Amino acid sequence: MLRLAMATLRSRSGAFAATFTALLLAAAVVSACGVLLESGLRSALPPERYEKAPVIVAASQSVELEVKSADGSAYRSAQPLPERPRLDASLAHDIAALDGVTSVVPDRRATVRLLAGDRSVTGANGAVPQAHTWESRVLGGFRLTEGHRPQGSRQVVLDTDLARRAGLRVGDDVRLMSTATPLTFEVTGLVTLDRNRTPRQSVIFASPAAVEELAPAARTSVDAFGVLTAPGTPAGRVAAQIEKTLEHTHASVYTGDGRGEAEFTDVAVGAATLVELATAIGGNVLLVAVFVLSATTSLAIRHRRREMALLRAIGTTPRQLHRMIAAESAVAGLAAGLLGCPLGVGVVHWLSDQFAGRGIVPPDFQPVVGPLPFLAAVTATVVTAVGAAWFAARRAARIRPTEALREAAGEPDRLGRGRLVTGGILLVLAVSVLGLGLGYRTDFLTLVGLANSLVLLLVMAAAVLGPLLTRAATALLAPLLLRTGVAGWLAAANSRARAARTAAAVTPLILAVSFAATVVFTQTTQLDRSAQEIRSGTVADQVLTSAAGVSPELARRAAELPGVSAATGVVRSKAVAVGSLLGTEETVSLTAQGLQPSALSATIDLDAQEGDLSALAPDTVALSTTASSWLGLGVGDRAHLYLGDGTPFTGKVIAVYGRGLGFADLTFDHDLLLSHTTAGVDQSVLVRSASGAGSGDVVNQLSTLARAYPGTALSGALAVDDMVAEQKAMAWVNYVVVGLIIVYTALTVVNTQVLNTASRRREFALLRLTGTTRAQLLGMVRRESAAVMVIGGAVGTLLAAPPLALVALALTGEPIPTVPVLGWLAIVGTTGLLTMAGSLLPSRLMLRARPVDAIGAKE
């Protein structure tokens with residue numbers, strides 16, 4: 001059978017070209033997603049500032065919560081924390097008392113902005129510099145190369161790379177700013193890592209008093225403890241003692257390369273996101289690949305009906321046919337998998353650059369390339385190819401020889417009972433999902449999942465019932481085709497007589513249009529709604545912003561200005577909670593904002609649906625309608641959350657508001673949320689002018705105030721793009737998925753049209769011998785392709801309408817999504833042009849041959 005399969009592949013290389021290309025692309029993308037997944041799971045970097053300390057104790061960078069699945073079983077689910085958790089400084093005494101510990105060095109940190117004139121100097125990898133106490137230098141491989149250690153509260157030491165970026169030398173003055181106006185320090189020395197390595201994060205060393213002045217929280221808490229052990233003491237033994245001693249705290253103990261996880265917390269957060277994205281993209285690609293390969297393989301086998309019938313007639317058993325087709329598919333899948341994996345490496349680097357550019361992963365992210373993703377990609381490609389071929393060949397292998405010969409001459413007149421029953425079940429399931437979605441219309445996250453399931457069910461139903469849909473659509477288009485002359489009459493007759501062939505061309509178009517429209521227009525609806533909420537909800541008439549964050553004291557000083565009635569800093573973070581999705585509990589990371597309660601209503605209108613936002617206090621929280629639905633909480637309930645640094649929070653829900661997409665899922669008291677952020681700065685300051693105050697005077701005063709905080713800009717409204725930057729990054733990921741779907745379906749469309757057209761060689765020759773002109777035949781093909789394009793675009797759009805209506809109901813309360821006309825035209829037009837090209841180009845080539853030669857050509 002393998003020899004027969006190889007002979008078939010050689011003789012039908014054109015028919016297998018598109019299937020091979022689809023498998024090649026699947027292998028490339030799946031291997032790329034596998035590499036990204038492995039990179040996310042193995043993303044730890046070797047330590048730099050902590051490389052000399054055998055053991056590091058730091059707060060856990062994730063929170064583990066107990067959740068329940070739909071069957072009631074409980075399990076632990078971890079969620080990464082976006083902020084840097086801190087430890088109580090008093091824990092040093094407990095650690096120092098343990099056997100084998102010689103000293104415990106606390107690492108205190110302050111996130112600062114280094115100013116060269118009025119310009120902020122970014123550190124390595126585009127990150128802001130971090131100031132640490134000089135005593136913590138012993139934990140890492142830094143050595144003094146010039147000058148001396150800081151000896152007073154106004155002296156600092158810089159790493160050589162940061163000094164070069166800022167154009168500073170020993171003896172120069174430098175201004176540092178954190179949560180107040182800039183402070184001036186003298187540069188007394190320069191340090192570098194061993195072997196003159198450039199640190200991944202730019203570092204500044206200062207005295208403990210200077211660090212505490214830059215970050216007041218450093219007085220009572222530390223980022224980490226470096227534990228130095230006695231010579232010959234195993235780090236693992238000391239780590240075990242520390243874990244036992246601190247088992248009732250949220251501290252984690254790190255040794256070996258794991259110390260890098262404690263040092264570079266941004267890597268852990270980016271890795272968790274990367275794992276989620278790689279899984280989502282890879283899963284979507286495999287799902288579409290199954291659809292595409294099933295359609296392509298089924299079409300290829302349909303065009304081999306005479307071959308299959310002859311093989312069955314001469315005694316070939318169904319098992320032998322299955323083995324032959326499986327061998328063909330396995331060979332194609334193996335070759336595509338082996339060639340696709342090297343392409344996947346290029347896809348990995350492209351995706352990595354795109355993710356880094358959008359802030360999804362750190363700028364210096366480097367993928368981990370190992371053998372397992374490639375082995376998995378090749379295996380998945382072969383299994384997908386063989387599985388698709390096995391399902392497609394079932395009827396050809398099962399049918400009786402005499403019946404096979406009879407059916408090889410034409411298509412069956414009606415659908416089998418199995419397809420009718422399957423299609424009916426899929427439609428019933430789709431209606432059930434739609435009804436379930438209408439019951440969850442206030443929960444955006446749930447409805448997005450239901451919308452994806454709904455469009456999948458509808459596309460599957462359309463594929464199963466394709467010939468019925470095609471006949472009905474062709475009957476509607478036939479009067480229009482008949483009015484276009486002989487070519488139109490031929491096109492209508494062919495479409496009716498060859499419904500299965502037309503359905504094979506229409507199905508991939510339906511898949512492309514419906515999937516792409518659902519994904520793209522879900523994002524456009526969400527982004528449009530977010531922008532509307534930001535514009536309509538911003539009551540403040542002046543906004544102070546800075547790319548590196550705004551000092552919290554700026555809002556207080558702005559509120560004291562004459563002519564200003566209210567001002568509030570806006571601090572942004574996230575919080576972790578347990579939500580419920582269709583009966584299954586999941587941990588979820590929700591966006592959070594902190595506002596001054598006294599200035600909230602005067603600067604932002606959150607559109608309160610229930611409760612009273614003016615009751616906001618440090619022990620209360622307000623929820624958006626989406627968060628309320630997701631968490632199952634209402635006004636008066638107690639919310640149990642974890643703030644961005646892992647601190648537990650329990651507070652009363654005092655309001656539910658409608659503009660969560662534009663602002664945040666959760667609203668806290670400003671000072672409470674600010675104290676649990678890493679940088680301790682606001683994202684912006686919202687200012688409301690007093691009634692009757694001159695706008696020019698207020699603007700001048702605010703401009704003067706902003707100049708005291710370099711990098712702060714004044715504008716008349718919130719920057720919508722900045723507010724929805726994270727949503728846009730996630731939308732881009734979905735657009736990548738859509739692009740892959742269109743590429744896949746493009747291969748299927750072209751292959752389908754080429755195979756359908758190539759199989760009509762004798763038909764074209766017979767028509768030309770009976771008097772049909774070459775121009776009439778090309779006109780017939782154009783009209784047939786146009787009919788396929790119209791049917792596929794129309795049905796695909798109709799199938800996307802119900803899931804998009806669910807999403808729009810959740811977002812706007814109305815079942816009308818935001819559908820940019822150009823976006824819809826791009827989706828339908830791209831697939832339509834491919835349909836035309838896939839049929840017209842081979843038709844022109846075939847019509848070059850003389851009819852008398854073509855009529856006798858082999859199949």
Side-chain angles (χ1 to χ4, degrees), residues 441-448 451 520-543 545 566 568-575 588-596 599-614 616 621-631 653-668 670 673 682-688 715-731 734 804-820:
R441 56 184 295 176
T442 59
D443 190 337
F444 174 72
L445 295 174
T446 302
L447 284 181
V448 169
V520 170
F521 300 140
T522 292
Q523 302 305 317
T524 57
T525 302
Q526 180 182 0
L527 290 172
D528 181 65
R529 181 63 180 179
S530 298
Q532 289 181 22
E533 289 184 0
I534 293 170
R535 295 189 187 100
S536 58
T538 304
V539 181
D541 49 28
Q542 299 295 330
V543 180
T545 58
T568 178
V570 181
V571 57
R572 295 196 174 276
S573 183
K574 290 187 176 181
V588 59
S589 181
L590 300 171
T591 57
Q593 65 179 358
L595 300 167
Q596 289 288 355
L600 193 158
S601 60
T603 53
I604 290 182
D605 178 9
L606 292 177
D607 185 26
Q609 307 285 315
E610 302 175 46
D612 183 11
L613 284 166
S614 64
L616 189 65
V621 64
L623 312 180
S624 68
T625 52
T626 299
S628 173
S629 174
W630 178 255
L631 302 178
V653 178
I654 49 94
V656 176
Y657 54 89
R659 294 194 172 112
L661 271 178
F663 292 96
D665 297 313
L666 309 171
T667 298
F668 292 94
H670 173 272
L673 192 62
D682 292 331
Q683 184 192 55
S684 59
V685 174
L686 303 180
V687 180
R688 176 74 177 274
S715 61
L718 283 170
V720 174
D721 288 343
D722 293 340
M723 294 283 287
V724 298
E726 185 175 349
Q727 295 180 28
K728 283 190 172 183
M730 293 299 105
N734 286 288
L804 285 174
L806 288 182
V807 174
L809 278 172
L811 294 175
T812 67
E814 298 178 359
I816 302 175
T818 300
V819 181

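Being a predicted model, the structure only gives us computed values, none of them experimental. No hydrogens, no waters, no symmetry mates; every other heavy atom, side chains included, goes into these values.
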Decide side chain to side chain contact (heavy atoms under 4.5 Å, CB included) for V819 and T524; before the verdict, give the C-alpha distance in whole Å, the side-chain angles of both, and the deciding distance to 0.1 Å.
-> CA-CA 7 Å; V819 181; T524 57; 5.9 Å; no
Report the C-alpha distance between L661 and T626 in whole Å, list the side-chain angles of each, state the deciding distance to 0.1 Å, and finish with yes or no for side chain to side chain contact (heavy atoms under 4.5 Å, CB included).
-> CA-CA 8 Å; L661 271 178; T626 299; 5.6 Å; no
Could you check Q593 against L595 for side chain to side chain contact (heavy atoms under 4.5 Å, CB included), going step by step and ending with a plain yes or no?
-> CA-CA 7 Å; Q593 65 179 358; L595 300 167; 3.9 Å; yes
Stepwise side chain to side chain contact (heavy atoms under 4.5 Å, CB included) test for V543 and V685 = CA-CA 6 Å; V543 180; V685 174; over 6 Å; no
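Distance CD/E610 to OG/S628: 6.5 Å, rounded to 0.5 Å. Separating the CG atom in L666 from the OG atom in S573 is a distance of 10.0 Å, to the nearest 0.5 Å. Within the model, atoms CG of L686 and CZ of R688 stand 11.5 Å from one another, a figure rounded to the nearest 0.5 Å. To the nearest 0.5 Å, the span separating CG on L606 from CG on L623 amounts to 11.5 Å. Taking OG1 of T545 as the start and CD of Q683 as the end, the distance is 8.5 Å to the nearest 0.5 Å.
The main-chain N or O of T568 is never found under 3.5 Å from a side-chain atom of Q596 such that the two would form a donor-acceptor pair. Judged by distance alone, the side chain of S629 and the main-chain N or O of T625 form no donor-acceptor pair under 3.5 Å.
Of the listed residues (T818, V520, L809, T522), just one forms a side chain to side chain contact (heavy atoms under 4.5 Å, CB included) with L804, and that residue is T522.
Annotation for E533 and G658: closest pair OE2-O, 3.4 Å, computed over non-hydrogen atoms. Considering every non-hydrogen atom in both D605 and D607, the closest pair reads OD1-N, 3.0 Å. Here the closest heavy-atom approach between residue R572 and residue A664 is recorded as NH1-CB, 4.0 Å. The heavy-atom pair separating A627 from D665 by the smallest distance is CB-O, 3.6 Å. Closest heavy-atom contact between P817 and A808: N-CB, 3.7 Å. Smallest separation of non-hydrogen atoms from A622 and I654: CB-CD1, 4.1 Å.
Between T667 and Y657, some side-chain heavy-atom pair lies under the 4.5 Å cut-off. Under the 4.5 Å side-chain criterion, counting only non-hydrogen atoms from C-beta, F663 is in contact with T538. You'll find the side chain of V571 reaches within 4.5 Å of the side chain of D682, heavy atoms only. Looking at S536 and R659, their side chains come closer than 4.5 Å, going by heavy atoms from C-beta outward.
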